[in-house]
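In this text the structure is predicted, and so the values were computed from the model without any measurement.
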Amino acid sequence: MKSFKPMLIIASISLLTLVGCNNAEKASTETTPAATSNSTGTAPGKTSTAGNNGLLAVVSKTKTAVKSGDFVQAKKEFDKFEDVWKEVEDGIKAKSRNNYDAVEKSMDEISGELKAAKPQKDKLLASLQSLEKTINTISKS
């Protein structure tokens, strides 16, 4: 019985140590995603090359669908633009209000035309080209 008490104390201390270590691991893994999301350079007030490339990719896929006359697919593709835009718009707005306004205007024109009963291919292509030019200007500045 005398040797049981020291073993019980050692086991209790070991158990508490393991529980404490496990909580520290859990806390560090919970903060990792936040640190990772900020490392992409899309924090408010900043622009991101990856974000601009994402915008250009959406515009390119939308143009391809419009050229083939598949306006349903074009709308699906362009719907993705807003998600990417949300990541970089604050940085672009802070950097160049004119470019920000130009992108917003183009987005409205393209979305409106894609929602029309009979979208006009030439008008869409012109708006997409203008949007692409603006995004390229942002990327270079």
Show the atom names and distances, to 0.1 Å, of all donor-acceptor pairs under 3.5 Å that link a side chain in residues 109-117 to residues at least two apart or in another chain.
residue, atom, partner, partner atom, Å
Glu109, OE1, Ser127, OG, 3.2
Ser111, OG, Met107, O, 3.0
Glu113, OE2, Gln120, N, 2.6

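Once rounded to the nearest 0.5 Å, the distance linking CG of Asn98 with CD1 of Ile92 reads 13.0 Å. In this structure, NZ in Lys121 is found 7.5 Å from OG in Ser68, a value given to the nearest 0.5 Å. Put simply, CG on Leu125 and OG on Ser130 are 12.5 Å apart, with the number rounded to the nearest 0.5 Å. To the nearest 0.5 Å, atoms CZ (Phe78) and CG (Leu124) are separated by 9.5 Å. The distance from the CD atom of Glu82 to the NZ atom of Lys86 is 5.5 Å, given to the nearest 0.5 Å. Atoms CD and OG1, from Gln73 and Thr62 in turn, are 9.0 Å apart once rounded to the nearest 0.5 Å.
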Given the rule in the salt bridge (Lys or Arg N to Asp or Glu O under 4.0 Å) test, do Lys105 and Asp101 qualify, once you have shown the distances and angles that lead to the verdict?
CA-CA 6 Å; Lys105 180 181 176 198; Asp101 290 340; over 6 Å; no
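Residue pairs meeting the salt bridge (charged side-chain N to carboxylate O under 4.0 Å, His left out) criterion with at least one partner in residues 55-72, sequence neighbours excluded, are Lys63-Glu132. For residues 87-128, the set of pairs meeting the ring-ring contact (aromatic ring centres under 6.0 Å, His included) definition, not counting sequence neighbours, comprises Trp85-Tyr100.
Here the closest heavy-atom approach between residue Thr134 and residue Asn99 is recorded as CG2-O, 3.7 Å.
Looking only at distances, a side-chain donor or acceptor of Ser106 sits under 3.5 Å from a matching main-chain atom of Ala102.
Among Val58, Asn136, Val103, the single residue meeting the side-chain contact (heavy atoms from CB on, under 4.5 Å) criterion with Leu131 is Val103.
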